[in-house]
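Just so you know, these numbers use all the heavy atoms, side chains as well, and skip hydrogens, waters and symmetry mates.
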Amino acid sequence: MIWKNPAALSEAGSGVLGIGDGSRLQVGVGRAMGHHGELLQGVFEGEDGRLLRGLVTLPLDRQQSLATFWPRDQGEIRARPPDRKKAARAAALTLAHLGFSRMAGDLTIESDIPVGHGYGSSTADVIATIQAVGSAAGVALRRSTICRLAITAEGASDAIAHHDQAVLFAHREGKIIEHFGGELPPLIVIGIQTDFSPVDTLTLPPAHYDHQEIEQFRVLRGLLYRAVRQQDPVLIGRVASMSAHISQRHLPKPRFDQVAQLANTYGACGVQVAHSGTLIGALFDADQRGIGTHIARFVRALERNSLHRITAFTVNVDGGILS
């Protein structure tokens with residue numbers, strides 16, 4: 001992908017360095033993790049009383065996108081692989097924001113995040129790119145700036161720039177609606193990909209929630225705040241399950257009911273989904289005694305039911321080791 005760097009891009013930011021001749025640019029590297037969908041997604045009231053679409057991301061830090069940016073004095077921004085159009089645009093926007101709107105460069109994306117299932121591959125590429133260009137300029141960009149640039153580059157984003165912090169994030173505005181005051185409790189997640197066919201998640205129509213659902217989101221928001229503050233994985237699972245069931249009315253996942261029933265049978269705290277993808281995750285309390293036995297039985301039950309695209313990962317478990 002070749003992205004020309006028009007002067008109009010300078011409106012994406014204030015030109016915080018204001019140098020523009022590239023004399024301070026060097027090779028820069030950035031990383032961003034993927035995610036496994038959301039614990040909560042819906043419509044929520046913002047500070048000004050407006051209703052905003054928002055989500056709470058479930059981080060998946062073992063899968064990452066690595067961006068490397070080599071600056072050049074002239075030409076265009078060339079991305080490899082060439083289909084990383086949003087990442088190329090993010091590089092141009094970030095250069096403009098930093099005062100280097102006349103600069104170009106070569107951008108390489110290396111990622112092990114699957115595309116088109118709700119793992120956040122596109123956003124990870126974009127955020128890694130923004131960080132790489134910032135690194136090239138010797139600047140540590142604020143998370144709020146990274147999110148704003150990401151929204152401009154791809155139209156919608158998620159909260160992976162905030163790493164493992166539990167935040168309710170307005171994914172079309174690029175801002176935090178509420179910070180829940182900490183990180184998620186230790187969880188083991190068994191993920192299931194329910195459909196082999198990838199989807200273009202950004203082209204899916206937004207869900208149109210009714211008044212009752214919006215009121216449910218208000219309650220779930222309060223419960224999630226309490227779950228994070230009290231480090232309560234059972235309450236986390238309850239919130240995620242209720243959000244997932246609401247999502248089923250709008251963007252249904254195949255075999256969701258079956259997976260949810262099996263998760264309940266084998267001791268999961270609840271289930272979550274990639275609301276605009278193909279993923280379902282069963283959430284287990286990582287600190288529960290004997291949880292490894294429950295998980296092994298759950299996985300065998302999934303396989304007996306011909307659900308074979310299964311992955312396991314941890315969230316905020318010391319050492320990140322499955323036991």
Side-chain angles (χ1 to χ4, degrees), residues 32-42 44 54-64 118-120 143 158-169 171 176-192 216-247 259-260 262-275 279-299 310-323:
M33 63 181 173
H35 63 73
H36 198 273
E38 298 77 35
L39 293 169
L40 174 63
Q41 181 167 332
F44 307 90
L55 52 79
V56 178
T57 298
L58 179 63
L60 176 54
D61 62 4
R62 78 175 190 188
Q63 292 183 316
Q64 297 191 350
Y119 288 103
R143 291 177 182 177
D158 51 53
I160 60 174
H162 296 275
H163 307 298
D164 61 355
Q165 293 298 297
V167 297
L168 179 58
F169 186 74
H171 52 287
I176 293 176
I177 301 173
E178 183 175 4
H179 196 302
F180 293 128
E183 58 190 19
L184 296 170
L187 298 168
I188 299 173
V189 184
I190 304 301
I192 305 100
Q216 286 180 300
F217 290 136
R218 185 187 67 80
V219 174
L220 293 177
R221 173 181 179 175
L223 290 174
L224 189 54
Y225 176 88
R226 190 171 78 186
V228 172
R229 288 302 182 103
Q230 297 179 354
Q231 292 291 283
D232 185 345
V234 175
L235 188 52
I236 291 280
R238 177 183 170 194
V239 170
S241 294
M242 293 179 70
S243 180
H245 277 92
I246 294 173
S247 177
V259 173
L262 288 171
N264 181 65
T265 299
Y266 291 98
C269 300
V271 293
Q272 57 82 220
V273 298
H275 288 69
L279 307 176
I280 304 174
L283 308 174
F284 291 86
D285 178 359
D287 291 334
Q288 181 181 336
R289 186 185 298 272
I291 195 61
T293 300
H294 291 287
I295 291 174
R297 291 172 177 169
F298 173 62
V299 170
I310 301 168
T311 186
F313 64 96
T314 62
V315 178
N316 295 330
V317 175
D318 290 339
I321 299 173
L322 290 172
S323 59

*Asks:* If only atom types and distance count, is the side chain of Gln231 paired as donor or acceptor with the main-chain N or O of Glu183 below 3.5 Å?
*Replies:* yes
*Asks:* With a 4.5 Å limit on heavy-atom distance, are the side chains of Gln272 and Leu283 in contact?
*Replies:*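 Side chain of Gln272 against side chain of Leu283, heavy atoms only: contact under 4.5 Å found.
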*Asks:* For Thr311, what residues pass the side-chain hydrogen bond (donor to acceptor under 3.5 Å, both in side chains) criterion, not counting sequence neighbours?
*Replies:*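 For Thr311, the residues satisfying side-chain hydrogen bond (donor to acceptor under 3.5 Å, both in side chains) (neighbours in sequence not counted) are Arg62.
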*Asks:* Do Gln41 and Ser247 have side-chain heavy atoms sitting under 4.5 Å apart?
*Replies:*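 In short, these two side chains do not touch, never coming nearer than 4.5 Å.
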*Asks:* Side chains of His162 and His179, heavy atoms from C-beta outward: is any pair under 4.5 Å?
*Replies:* no
*Asks:* Are side-chain heavy atoms of Met242 and Val219 found at a separation under 4.5 Å?
*Replies:* no
*Asks:* Taking the side chain as every heavy atom from C-beta outward, state whether His35 and Leu58 have any atom pair closer than 4.5 Å.
*Replies:*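 No, side chains not in contact.
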*Asks:* Do Leu224 and Ile236 touch side chain to side chain, with heavy atoms closer than 4.5 Å?
*Replies:*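 Yes, side chains in contact.
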*Asks:* Residues two or more places apart in sequence or in another chain: which of them pass ring pair (Phe, Tyr, Trp, His ring centres under 6.0 Å) with His245?
*Replies:* Phe256
*Asks:* Might you confirm whether atom CZ of Arg143 has over 12 heavy atoms from other residues, nucleotides or ligands at distances under 6.0 Å?
*Replies:*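 Above 12, so yes.
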*Asks:* For Arg218, check side chain to side chain contact (heavy atoms under 4.5 Å, CB included) against everything at least two apart and list the hits.
*Replies:* Glu215
*Asks:* Do the non-hydrogen side-chain atoms of Val239 and Val56 ever get within less than 4.5 Å of each other?
*Replies:* no
*Asks:* Measuring from Arg238:CZ to Leu220:CG, what's the distance to the nearest 0.5 Å?
*Replies:*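 Arg238 atom CZ to Leu220 atom CG measures 8.5 Å (nearest 0.5 Å).
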*Asks:* Using a 4.5 Å cut-off on heavy atoms from C-beta on, say whether the side chain of Tyr266 contacts that of Val299.
*Replies:* no
*Asks:* If only side-chain N and O atoms count, and only distance matters, is there a donor-acceptor pair under 3.5 Å linking Ser243 with His275?
*Replies:* yes
*Asks:* Looking at Pro233 and Asp285, what are the two nearest heavy atoms and their distance?
*Replies:*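 Taking Pro233 first and Asp285 second, the nearest heavy atoms are CG-CG, 3.5 Å.
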*Asks:* Determine whether a donor-acceptor pair (N or O, by modelled atom type, separation under 3.5 Å) exists between the side chain of Asn316 and the backbone of Leu184.
*Replies:*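 Side chain of Asn316 to backbone of Leu184, a donor-acceptor pair under 3.5 Å: yes, one is there.
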*Asks:* Please answer whether the main-chain N or O of Phe180 pairs with a side-chain N or O of Arg229 as donor and acceptor at a distance below 3.5 Å.
*Replies:* yes
*Asks:* Are His36 and Phe313 close enough that their ring centres sit under 6.0 Å apart?
*Replies:* yes
